[in-house]
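Computation of the quantities below employed the complete heavy-atom set of this structure, encompassing side-chain atoms and omitting hydrogens, waters and symmetry-equivalent molecules. Order of the sequence lines fixes the chain letters, A, B, ..., with proteins taken first and strands second; residue numbering starts at 1 for each chain.
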Protein chains: 2
Amino acid sequence: MAIAKQYTVNELLRRFQLNVTDSRKKILQLFLNQQEALAHADIEKKAGEKFDRVTVYRTLQTFVEKGLIHSIPTADNSILYALCKDDCTEGHHQDHHIHFVCEQCEKTACLDQVNIPEIKLPLGFKKEKIDVVISGICKACS
Amino acid sequence: MAIAKQYTVNELLRRFQLNVTDSRKKILQLFLNQQEALAHADIEKKAGEKFDRVTVYRTLQTFVEKGLIHSIPTADNSILYALCKDDCTEGHHQDHHIHFVCEQCEKTACLDQVNIPEIKLPLGFKKEKIDVVISGICKACS
DNA sequence: AACACATTGCAACAAAGTTGCAAAAAACAA
DNA sequence: TTGTTTTTTGCAACTTTGTTGCAATGTGTT
Ligand SMILES: [Mn+2]
Ligand SMILES: [Mn+2]
Ligand SMILES: [Zn+2]
Ligand SMILES: [Zn+2]
């Protein structure tokens, strides 16, 4: 199921079989307002004033499980989250795009338009999922 | 500087301008004995019996800085480390290989033989560093 | 409104990572 | 070797991050 920004948070939550609650509305709205990926810390800071820390953890976990957001691996080991834009469903994420980390503005974005090329693995290896994270200078900063 | 396993840990440490100490010898030996990448937790468990937790942190940090080991970004957000095999130097890591995470044996390895293909970014983006992590079933497990 | 069930906040905890500082170890120079 | 300087270590205390159980509250449904 694709996430289109035309839907209200309430509609989106319902579509993903989630009860509509204040914390979920608030946190989902953060993602919809945002182009870039959000660090867990950011979310906690922006949503945590109103909601308990534990609730933020649980909400993000739920969103990942239901296929609303996906996490992005980073070198510095902080967790980043971004809205799923492909056909992610409960249990299986299908993100065939790359992630770009700007070293200047430090923003991380999903580059949906860029496809990941085929990578030939040595004999015997079976590929299941591939994560590509490129760092450098983003369009806005160059 | 390339890391060849023919060198003793003492020689290697000296080559990388590091004083030879018990903890550094022990931890470097762990990497030399090992094919796969090591999780921070593993290292701490294997080396931590003899050395303080803080020393393990500081040693790994030093190794990364000096270009002896590199960290591998993972989806589940645990830090993995592996010996550098390319021409990593102090300050700049040049790992142009991919990392493979086996979903069965859960081992992560550097696939030095596999080159990362060119990825064309949209206009305005400047690529600096690229991380590719592929998960699936490894040779040994298939 | 009443019910069943899901979600939240709180408290208590566990794990992971950081910092300052004195003691110990390594390197260096006589 | 011995003393001196510099680096590294261990300890303690702390912060930050993440987890769990449970009672209270909120949500969806009839
Ligand atoms: Mn993405
Ligand atoms: Mn590697
Ligand atoms: Zn930027
Ligand atoms: Zn395997």
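- Heavy atoms from other residues, nucleotides or ligands lying under 6.0 Å from CD of B:Glu11 number more than 12.
- When rounded to the nearest whole Å, the span between OH of A:Tyr57 and C1' of C:dG9 equals 15 Å.
- A:His70 places none of its side-chain heavy atoms less than 4.5 Å from the side chain of A:Leu83.
- When heavy atoms are screened at a 4.0 angstrom cut-off, A:Arg58 is found touching base atoms of the nucleic acid.
- Straight-line distance from the CG atom of A:Asp52 to the P atom of D:dT25: 15 Å, rounded to whole Å.
- Nearest-nucleotide assignment on DNA chain C puts the 5′-proximal partner with A:Leu18, out of B:Thr21 and A:Leu18.
- Each of A:Asp22 and A:Val54 lies near DNA chain C, and the nucleotide nearest A:Asp22 is the one positioned closer to the 5' end.
- Look at NZ on B:Lys26: it is 13 Å from P on D:dG10, rounded to the nearest Å.
- Positionally, the nearest nucleotide of DNA chain D for B:Phe51 lies more toward the 5' end than for the other of A:Glu44 and B:Phe51.
- Phosphate proximity of D:dT8 to B:Thr55: absent, as no side-chain N or O sits under 4.0 Å from OP1 or OP2.
- Between its opening and closing five pairs, the helix from C:dA1-D:dT30 to C:dA30-D:dT1 changes axis direction by 40°, a value rounded to 10 degrees.
- Not one N or O on the side chain of A:His97 forms a donor-acceptor pair closer than 3.5 Å with the backbone of A:Gln113.
- The interatomic distance linking B:Arg24 (CZ) with C:dA26 (P) rounds to 11 Å, in whole Å.
- For B:Arg53 against D:dG10, a side-chain-to-base donor-acceptor contact under 3.5 Å is absent.
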| task | Decide yes or no on salt bridge (Lys or Arg N to Asp or Glu O under 4.0 Å) for A:Lys26 and A:Glu49, but give the supporting numbers first. | result | CA-CA 11 Å; A:Lys26 169 76 179 181; A:Glu49 295 165 6; over 6 Å; no

